[in-house]
Asks: 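Okay, handing you the structure first.
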Amino acid sequence: MDKELLFGRMITCPKIQETDLEYQRTASFIKGVCQRCGQNQKASLPRKQFYCQACLILGRVSSLDDLISLPEPNNFDGQVELIWPGTLTQQQAQVSKDLVSSMEQGRNHLVWAVTGAGKTEMLFPLLLKAFQQKKRVALVSPRVDVIAELAPRLAAAFANLSQVVLHGKQTTPYGYTQLVLATTHQLLRFKSAFDVLIIDEVDSFPFRGNPMLQYAVQTARKKISTIVYLTATPTPALKTAVKRGNLKVSYLPLRFHQQLLPKLQIKRVNNWRLKMPKLLKKQIEIFIEEQRQFLIFVPYVSDLIIVERYLQAYTQLKGTTVHANDPDRIEKVQQMRQENIHFLITTTILERGVTLPGIDVLILGADENTFSENALVQIAGRVGRSYDRPTGLVLAFVRQINLAVFRAQKQINTMNQRGCQLKKS
């Protein structure tokens, strides 16, 4: 194997296989705990051997294996240029300055920014500084969709930079690069690799509350390093760390076009699964008249066909459904982005990480358990993401207003109040 492929990397190797002395070898299990994922979920093999069930999705690691790696040498030339033609707003520039300061001091940092604030662009000064200092960087997210959208944007901004994209559906082989774009599960294959580790959508499933992925982050980072958390909806743990002064935070309540988040409007309806609500019918007719594209969020995959059947009555509309296990998910989103279709009926899979300029959003069953407070805030953030149309409609249909809906509405209002204060200053 090319030794470069093991820099900061951690792979399995049979115990009986010899390696060069320079390779770091670690027992795959110590006191029954898997050293790749930090979990104690063993399954039996013959002759009293065993393997880890928790990280089996990345390939089997067993008691017959060792984990091998090579120290990260930061073997980069630092000759990186930023060719992004845009400019940051005053607020974005301040957040960028804060992030560079945190990196220089080796401390972690939370960016609490509303959806559509331009988080990716705010990272550019930090990334440029890190690359020029020959630091190795990982930008990860729990969602494949987010990584798929970030990769071409970063490739365009840093044209002479080597990067690799890693996720379960990726067919391109791994290579040693200064920038790694990956889903959070892929961090389980790294050891003391990254000087800067950026986690986008940190509150999202499956990262949130997952001890295996939390372990992966700590294993993949270097001892002296910086973690940047990006989110519009921080977890209680992150909020607590900020309150206690253990985590530096930067707020950005204004979107990149300096407008506020769209308000979450609420309408009460009867059982929408049995009959199309009149309020929904009226809103669809408005969309047709105004030639608006729109998303309709539903709680469950089984609801997709119900709503699709309702919309079949509108022959002038062209649209389809999408969900997490849809093999054509990315293509359907691209059709929407290219305005080849008028609507998508979707589960929460499109609640974040997807930018569709100029759309409106309807949420059916917003009071059901599928839609958490954070999910509703993220869904609202799909609207108003362009200079041409910085506002739009976010309309939730409920049978009754529950705590999640109330809190989502309150969270949006609170950030908008902070945004208004920032505008006045």
Asks: Parallel, tilted or perpendicular: which one describes the rings of F343 and F294, with boundaries at 30° and 60°?
Replies: parallel
Asks: D326: what forms a side chain to side chain contact (heavy atoms under 4.5 Å, CB included) with it, not counting sequence neighbours?
Replies: V322, H323, D328, R329, K332
Asks: With salt bridge (charged side-chain N to carboxylate O under 4.0 Å, His left out) as the rule and sequence neighbours excluded, what pairs involving residues 376-387 come up?
Replies: none
Asks: Looking at every heavy atom in both D303 and P299, which two are closest together, and how far apart are they?
Replies: OD2-CD, 3.3 Å
Asks: For E373 and Q411, test the side chains for any donor-to-acceptor distance below 3.5 angstrom and give the result as yes or no.
Replies: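 A donor-acceptor contact under 3.5 Å links the two side chains.
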Asks: Just by distance, with hydrogens left out, do Q170 and T172 show a side-chain donor and acceptor under 3.5 Å apart?
Replies: yes
Asks: Would you say Q378 and T233 are linked by a side-chain donor-acceptor pair, where the criterion is simply a distance under 3.5 Å?
Replies: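 A pair is found: one side chain offers a donor N or O, the other an acceptor, under 3.5 Å apart.
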Asks: Which residues satisfy the ring-ring contact (aromatic ring centres under 6.0 Å, His included) test with Y176, sequence neighbours excluded?
Replies: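 Partners of Y176 under the ring-ring contact (aromatic ring centres under 6.0 Å, His included) test: F7, F76.
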Asks: Going by atom types alone, do R189 and Q186 pair a side-chain donor with an acceptor below 3.5 Å?
Replies: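 A pair is found: one side chain offers a donor N or O, the other an acceptor, under 3.5 Å apart.
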Asks: Could you list the residues that satisfy ring-ring contact (aromatic ring centres under 6.0 Å, His included) with W112, not counting sequence neighbours?
Replies: Y251
Asks: Would you mind writing out the side-chain donor-acceptor pairs for residues 113-120 within the sub-3.5 Å range, not counting sequence neighbours?
Replies:
none

Asks: Of all residues at least two apart in sequence or in a different chain, which pass the ring-ring contact (aromatic ring centres under 6.0 Å, His included) check with F124?
Replies: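 Counting only residues at least two positions away or on another chain, F124 forms a ring-ring contact (aromatic ring centres under 6.0 Å, His included) with W84, F158.
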Asks: Could you tell me if H109 and T226 have a donor-acceptor pair between their side chains, going purely by distance under 3.5 Å?
Replies: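 Looking only at side-chain atoms, H109 and T226 do not form any donor-acceptor pair under 3.5 Å.
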